[in-house]
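Since the structure comes first, as structure tokens, the remarks are kept for the end.
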Amino acid sequence: IQELETRAVQAEAALAENERLRKLVGLVEGPQFADYDRIVARILVQPPGPFQQKLVVAAGSDAGVTLNAPVITADGDLVGLVTNVTPGSSQVTLLTDQSLSVSAVVLGTGARGVVSATQSCSALVLDRVDKDEVVNEGSTVATAGWQVGDLSSLYPPWIRIGTVTSVGQRDIDLFMQIQVE
């Protein structure tokens, strides 16, 4: 009985490892963006508190990580930007940090604005969207990306940022008030 119990535990561990490895293979074969190589990394250090929006990942310049590279999830969602690189690790500033902002577009309507964090770092807002534009709850927001000659944005176009959760506007405001999750 003890031998069978040991085998059952080993089989469960093998199944769990198999599932984890399948996810890694899916991550490597996930969404691709022009001019960017996919580098898979695990998180070494989580943000220490709710007002700290930086983490450290286990991939650095030795793995090909470069300063100001966009960081995405396995599903292709934008996480943040590489803000410091060492040979073996990199610091990632999350999109929920007030120091970051991203030019963005609402898919389907083409409304353009800038996504940034609120002062509490608990939510994202799509700002600078003219009141004349159409933005609906549930719409997907993605990086706008741009290039003018040799200059280009830090983020390539069409990386998913999130979903519009609320849209509001007051007569006295110049722009719409849009929350993004």
Side-chain angles (χ1 to χ4, degrees), residues 1-100 102 104 106-108 115-118 120-126 137-143 145 154-166 179-181:
I1 291 176
Q2 190 172 14
E3 182 182 332
L4 290 175
E5 286 176 344
T6 302
R7 284 186 185 177
V9 168
Q10 289 172 340
E12 271 187 59
L15 283 173
E17 182 180 20
N18 188 355
E19 187 174 322
R20 184 181 66 81
L21 292 173
R22 284 179 188 269
K23 285 182 181 178
L24 284 176
V25 167
L27 178 63
V28 171
E29 295 172 354
Q32 299 293 319
F33 299 97
D35 301 328
Y36 288 90
D37 293 327
R38 180 171 304 276
I39 300 168
V40 179
R42 73 184 194 294
I43 297 172
L44 293 176
V45 179
Q46 293 280 355
F51 300 108
Q52 302 278 340
Q53 299 299 310
K54 297 177 188 234
L55 54 85
V56 178
V57 296
S61 57
D62 289 349
V65 175
T66 59
L67 193 62
N68 294 325
V71 179
I72 62 169
T73 65
D75 297 326
D77 297 336
L78 184 65
V79 173
L81 189 71
V82 174
T83 52
N84 195 2
V85 181
T86 66
S89 65
S90 300
Q91 180 183 35
V92 176
T93 300
L94 300 175
L95 190 55
T96 50
D97 189 282
Q98 290 181 327
S99 68
L100 285 187
V102 180
V106 178
L107 301 183
V115 171
S116 57
T118 60
S120 65
C121 299
S122 61
L124 296 175
V125 293
L126 177 58
E137 288 184 24
S139 295
T140 299
V141 178
T143 56
L154 293 175
Y155 305 95
W158 317 125
I159 299 175
R160 184 180 182 281
I161 296 171
T163 304
V164 174
T165 56
S166 74
Q179 295 269 329
V180 177
E181 185 176 88

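We find the CG-CD distance between Leu15 and Gln10 to be 12.0 Å, quoted to the nearest 0.5 Å. How far CG of Leu95 is from OH of Tyr155: 6.0 Å, rounded to the nearest 0.5 Å. Taking CD1 from Ile161 and CG from Leu126, the interatomic distance works out to 8.0 Å, rounded to the nearest 0.5 Å. From Lys54, atom NZ reaches atom OG1 of Thr93 across 4.0 Å, with rounding to the nearest 0.5 Å. Here the OG1-CD1 distance, from Thr6 to Ile1, works out to 11.5 Å after rounding to the nearest 0.5 Å. Atom OG1 in Thr163 sits 7.0 Å away from atom CD in Glu181 (nearest 0.5 Å).
There is no side-chain donor-acceptor pair under 3.5 Å between Thr165 and Gln179.
Residues Asp97 and Ser99 approach most closely at OD1-OG, 2.5 Å, considering heavy atoms. Nearest heavy-atom pair, Leu94 versus Pro47, reported as atom, atom and distance to 0.1 Å: CD1-CG, 4.0 Å. Considering every non-hydrogen atom in both Gly60 and Val85, the closest pair reads C-CG1, 4.0 Å. Leu154 approaches Pro70 most closely through the heavy-atom pair O-CD, 4.0 Å.
No donor-acceptor pair closer than 3.5 Å links the side chain of Thr66 to the backbone N or O of Ala69. Side chain of Ser90 to main chain of Ala59: a donor-acceptor pair is present (N/O by atom type, distance under 3.5 Å, no hydrogens or angles). Using modelled atom types, one side-chain atom of Gln98 and one backbone atom of Thr118 make a donor-acceptor pair closer than 3.5 Å. Between the Thr143 side chain and the Ile159 main chain, a donor and an acceptor come within less than 3.5 Å of each other.
Partner of Val102 under the side-chain contact (heavy atoms from CB on, under 4.5 Å) criterion, out of Leu78, Leu124, Val141: Leu78 alone.
In the displayed structure, Glu137 atom CD is contacted under 6.0 Å by more than 12 heavy atoms of other residues, nucleotides or ligands.
In this structure, the side chains of Ser116 and Val125 come closer than 4.5 Å at one or more pairs of heavy atoms.
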